[in-house]
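All remarks here apply to the structure that follows.
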Amino acid sequence: MSNLMVMAVSSARPLAAATARRALPVTAGFRVKMASQRGQHILPGAPRQPHCRAPSRRLSAHRGALRFTPEGWEEHMPTMSGLDETARAIVADGKGILAADETVSTITKRLTARAIESTAERRRAYREMLFSTPDLAAFIGGVILQDETIRQDSSTGIPLIELLAGRGIIPGIKVDAGVHPLAGAPGEFVAEGLDGLRGRLEEYRELGARFAKWRAVFIIRDDGLPTAKCIHANAHALARYAALCQEQGLVPIVEPEVLMEGAHALERCEDVTGRVLQAVFNELFDARVSLEGMLLKPNMITPGQGRAGQASVQEVAEATLRALTRHVPPAVPGVVFLSGGQDPVLATQHLNAINALDGPKPWKLSFSYGRALQDEALEVWRGRREHVLAAQQAFHHRAWCDSAAALGRYSGDMEGEAGFAHPDSTLHAPH
Ligand code: 13P
């Protein structure tokens, strides 16, 4: 065994709740521990002590591939038992992710824009309204929480995270500390939050989270943005985050978002997104992140929001699939798009059109929408208890449509249907 590190498969740590233990499809987590760990910071995925000869053991799906280096054979790109299973469960047929991980300041902006006072209790009630929507688990495989929400209880005293887990929905957590100006790169940002991340991931896993999210942003501007420096800095941070997540038994959602702000053409978005994705996967490879145990959360390829003459749904779908085909390895089990400020119906149409395209699609192509899933429900809810049922209906309806789009089975006729009207077997039945 290496004197650099000892990989120990521990039994799953006690979860916050028995319900979570029952409901989560996560098997044993794994931990990487230094033999002389005290006070040192190990690099997740760092190579084992190289062997002089290739080990004779057979490689299996849960063993990494071997590569020869000047120092000898080493394991790289390991696949990690349990993480791939969780990643696949989140994007099981017709399922996607509800991104409910707005920071307190972001959700406060969305609430106050609708004249709803943003108190901790209001934010809790809003999230409880979403999470307790009937039949949600038919459409939603995972929910991304943020630090405040993961510690809050439902009105009946159940932790919100247990409410989700008990319904068969896998809870996740946003772990980046937001984007901050990147030194030496005017107008650009880097996502921060790596310091102390190992400990925070450990705590979130104890609380019941089974996946995490880190969002980096890239701005397109005529004067050469994003720069190579910004792309590299964010891709590197995403890879360090992803390796730490896998070390702590959490599936990383890797979110490089090329923002829709600007008046650029679709082709420019495709070029920038391609460069960003390529840089991200190069860094993930170097960081020895298991692609089978992660999910990618990219933007779709669209023209800038401010561009006169938008692209057709078909053009967006074709450009998006082309970018993924060129830059995303097939080992990644799922690509879950962000909505990025798209109108909810258009986000549904785009996802459906991508799934309806001919040609190889080796990943599940689904959604991890924030605004596009929530906006209609938030508009109806407006902070009023008597609106909860109607808001849940609106949310259920959009989730139902997005679920259909993730299967390429959405049609415009569905927009006229009422929420709760559909036993979901209609969607999941074979053609
Ligand atoms: P939107 O779908 O509103 O872009 O949010 C997704 C998300 O998680 C942003 O980080």
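This chain uses plain numbering: 1 for the first residue, then up along the sequence. Order of listing sets the numbers, starting from 1, for every ligand and every atom in it. Fair warning: this is a prediction, and the values are worked out from it, not measured in the lab.
Glu415 and Arg398 are joined by a salt bridge, as a carboxylate oxygen and a charged side-chain nitrogen come within less than 4.0 angstrom of each other.
Taking the six-membered ring where tryptophan is involved, the planes of Trp381 and Tyr126 are tilted, since the angle between them lies from 30° to 60°.
Note on residues 224-236: pairs passing side-chain hydrogen bond (donor to acceptor under 3.5 Å, both in side chains), not counting sequence neighbours, are Glu188-Thr227, His232-Glu283, His236-Glu283.
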Mind listing the side-chain donor-acceptor pairs of residues 324-341 below 3.5 Å, one per line with the distance, residues two or more places apart or on another chain?
from: Thr325; atom 1: OG1; to: Leu321; atom 2: O; distance (Å): 2.7
from: His327; atom 1: ND1; to: Gln278; atom 2: OE1; distance (Å): 2.8
from: Ser339; atom 1: OG; to: Ala372; atom 2: N; distance (Å): 3.3

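Lys364 meets the salt bridge (charged side-chain N to carboxylate O under 4.0 Å, His left out) test with Asp93; sequence neighbours excluded.
The immediate protein surroundings of ligand 1, defined as residues with any heavy atom under 4.0 Å of it, consist of Ala99, Asp101, Lys213, Arg215, Glu255, Lys297, Leu338, Ser339, Gly340, Ser368, Tyr369, Gly370, Arg371.
Around the CG atom of Asp195, the shell of radius 6.0 Å holds no more than 12 heavy atoms that belong to other residues, nucleotides or ligands.
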